[in-house]
Peer 1: 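Got a structure for you, written out below as structure tokens; questions coming shortly.
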Amino acid sequence: QVKLVESGGGLVQAGGSLTLSCAASGSGFSIKRMGWYRQAPGQQRDLVATITSGDIANYAESVEGRFTISRDNAKNTVELQMTSLKPDDSAVYYCYADQLIFGSDIFYWGQGTQVTVSS
């Protein structure tokens with residue numbers, strides 16, 4: 001079983017920067033994809049960015065050009081570098097991992113870390 005722990009959330013002014021980190025542990029199987037979702041109060045959980053073990057990244061349109069996702073396969077960690085932050089970026093950010101076990105996908109979620117962007 002995979003355990004995900006996020007860190008790096010906090011309060012930042014609009015236009016500022018923040019970096020989120022996620023560490024995966026407890027798995028003896030390959031994690032083929034990791035990434036980030038976010039959820040504001042009363043809203044759905046939306047995809048922010050994903051990255052494969054081969055460093056192929058994809059981003060939501062709303063963060064393209066402002067956020068950068070990266071990972072360290074040896075350490076099973078993923079980071080999200082956020083710049084030019086807007087108040088609309090405020091949400092709880094959740095790390096996820098997609099683990100392949102005997103040909104089946106198993107998804108894991110972190111507890112989430114709060115990001116608040118003030119105007």
Side-chain angles (χ1 to χ4, degrees):
Q1 186 173 2
V2 174
K3 181 180 180 180
L4 302 175
V5 179
E6 304 102 330
S7 62
L11 176 65
V12 64
Q13 294 183 355
S17 300
L18 204 62
T19 298
L20 306 181
S21 298
C22 176
S25 63
S27 175
F29 298 92
S30 298
I31 299 175
K32 67 178 183 179
R33 180 184 292 180
M34 297 183 71
W36 296 87
Y37 280 70
R38 66 186 182 186
Q39 185 173 23
Q43 300 182 10
Q44 66 180 6
R45 186 174 298 184
D46 294 324
L47 174 69
V48 178
T50 64
I51 188 167
T52 69
S53 60
D55 287 341
I56 305 300
N58 289 284
Y59 300 91
E61 291 286 344
S62 59
V63 306
E64 182 72 43
R66 299 189 297 119
F67 292 9
T68 301
I69 189 170
S70 62
R71 69 179 291 172
D72 186 327
N73 291 328
K75 298 179 180 180
N76 276 336
T77 59
V78 62
E79 291 190 346
L80 184 68
Q81 294 177 302
M82 305 182 293
T83 62
S84 300
L85 284 163
K86 307 173 182 179
D88 286 348
D89 294 319
S90 297
V92 177
Y93 284 70
Y94 296 91
C95 177
Y96 86 92
D98 181 1
Q99 183 182 47
L100 182 64
I101 303 179
F102 300 115
S104 298
D105 288 320
I106 305 295
F107 291 90
Y108 299 92
W109 296 93
Q111 290 292 109
T113 184
Q114 177 71 49
V115 173
T116 302
V117 184
S118 62
S119 61

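Just so we're clear, the structure is a prediction, and the values are computed from it rather than from any experiment.
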Peer 1: Does the side chain of T50 reach to within under 4.5 Å of the side chain of T52, using non-hydrogen atoms?
Peer 2: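 They are not in contact (no side-chain heavy atoms under 4.5 Å apart), so the answer is no.
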Peer 1: Work out which heavy atom in P87 is nearest to a heavy atom in S119; give both atom names and the distance.
Peer 2: CG-CB, 4.0 Å
Peer 1: Are L80 and Y94 connected in the hydrophobic side-chain network, where two residues link if heavy atoms are under 4.5 Å apart?
Peer 2: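 In one cluster: no.
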Peer 1: So Y93 and E6, do their side chains get closer than 4.5 Å, heavy atoms only?
Peer 2: no
Peer 1: For the CD atom of Q1 and the CD1 atom of I101, what is their distance to the nearest 0.5 Å?
Peer 2: 9.5 Å
Peer 1: Could you tell me whether the side chain of W36 reaches within less than 4.5 Å of the side chain of V78, counting heavy atoms only?
Peer 2: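 Contact flag for V78/W36 side chains = yes.
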Peer 1: Does a side-chain heavy-atom distance below 4.5 Å link M82 with L20?
Peer 2: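 Yes, at least one pair of side-chain atoms sits under 4.5 Å.
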Peer 1: Say whether, by atom type as modelled, one donor and one acceptor occur between the side chain of T19 and the main chain of Q81 under 3.5 angstrom.
Peer 2: no
Peer 1: OG of S17 to CZ of R66: how many Å apart, nearest 0.5 Å?
Peer 2: 10.5 Å
Peer 1: Quick one: NZ on K75 to OG on S25, what's the gap to the nearest 0.5 Å?
Peer 2: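 Atom-to-atom, K75:NZ and S25:OG are 14.5 Å apart.
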Peer 1: Which pair of heavy atoms, one from A97 and one from L4, lies closest together, and at what distance?
Peer 2: N-CD1, 3.6 Å
Peer 1: Would you say the ring centroid of F67 lies under 6.0 angstrom from that of Y59?
Peer 2: no
Peer 1: Are K32 and D105 ion-paired here, with the side-chain N under 4.0 Å from a carboxylate O?
Peer 2: yes
Peer 1: Find out if a path of hydrophobic residues (ILVMFWY) with successive side-chain heavy-atom gaps under 4.5 Å connects I51 to Y108.
Peer 2: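 Yes, I51 connects to Y108 through the hydrophobic network.
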Peer 1: Indicate the atoms forming the closest heavy-atom contact of V115 with G9, along with that distance.
Peer 2: CG2-CA, 4.2 Å
Peer 1: Rounded to the nearest 0.5 Å, what separation is found between the CG atom of L85 and the CD atom of Q13?
Peer 2: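 Answer for the CG-CD pair, L85 versus Q13, is 11.5 Å.
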Peer 1: Side chains of D55 and R71: closer than 4.5 Å at any heavy-atom pair?
Peer 2: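 Yes, side chains in contact.
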Peer 1: With side chains defined as the heavy atoms from C-beta onward, is the minimum distance between D98 and I31 less than 4.5 Å?
Peer 2: no
Peer 1: Hydrophobic cluster membership, with links at side-chain heavy-atom distances under 4.5 Å among I/L/V/M/F/W/Y: are I69 and V92 in one?
Peer 2: no
Peer 1: With a 4.5 Å heavy-atom cut-off, do S21 and T77 have their side chains touching?
Peer 2: no
Peer 1: Same cluster or not: L47 versus M34, using hydrophobic residues (I, L, V, M, F, W, Y) connected whenever any side-chain heavy atoms lie under 4.5 Å apart?
Peer 2: no
Peer 1: Take a 6.0 Å sphere around CD of Q39 and say whether it holds more than 12 heavy atoms from other residues, nucleotides or ligands.
Peer 2: yes
Peer 1: Which heavy atom of L18 sits nearest a heavy atom of G8, and at what distance?
Peer 2: CG-O, 3.5 Å
Peer 1: Can R38 and D89 be said to form a side chain to side chain contact (heavy atoms under 4.5 Å, CB included), step by step?
Peer 2: CA-CA 9 Å; R38 66 186 182 186; D89 294 319; 2.9 Å; yes
Peer 1: Would you call the rings of Y37 and Y96 parallel, tilted or perpendicular, taking 30° and 60° as the class edges?
Peer 2: perpendicular
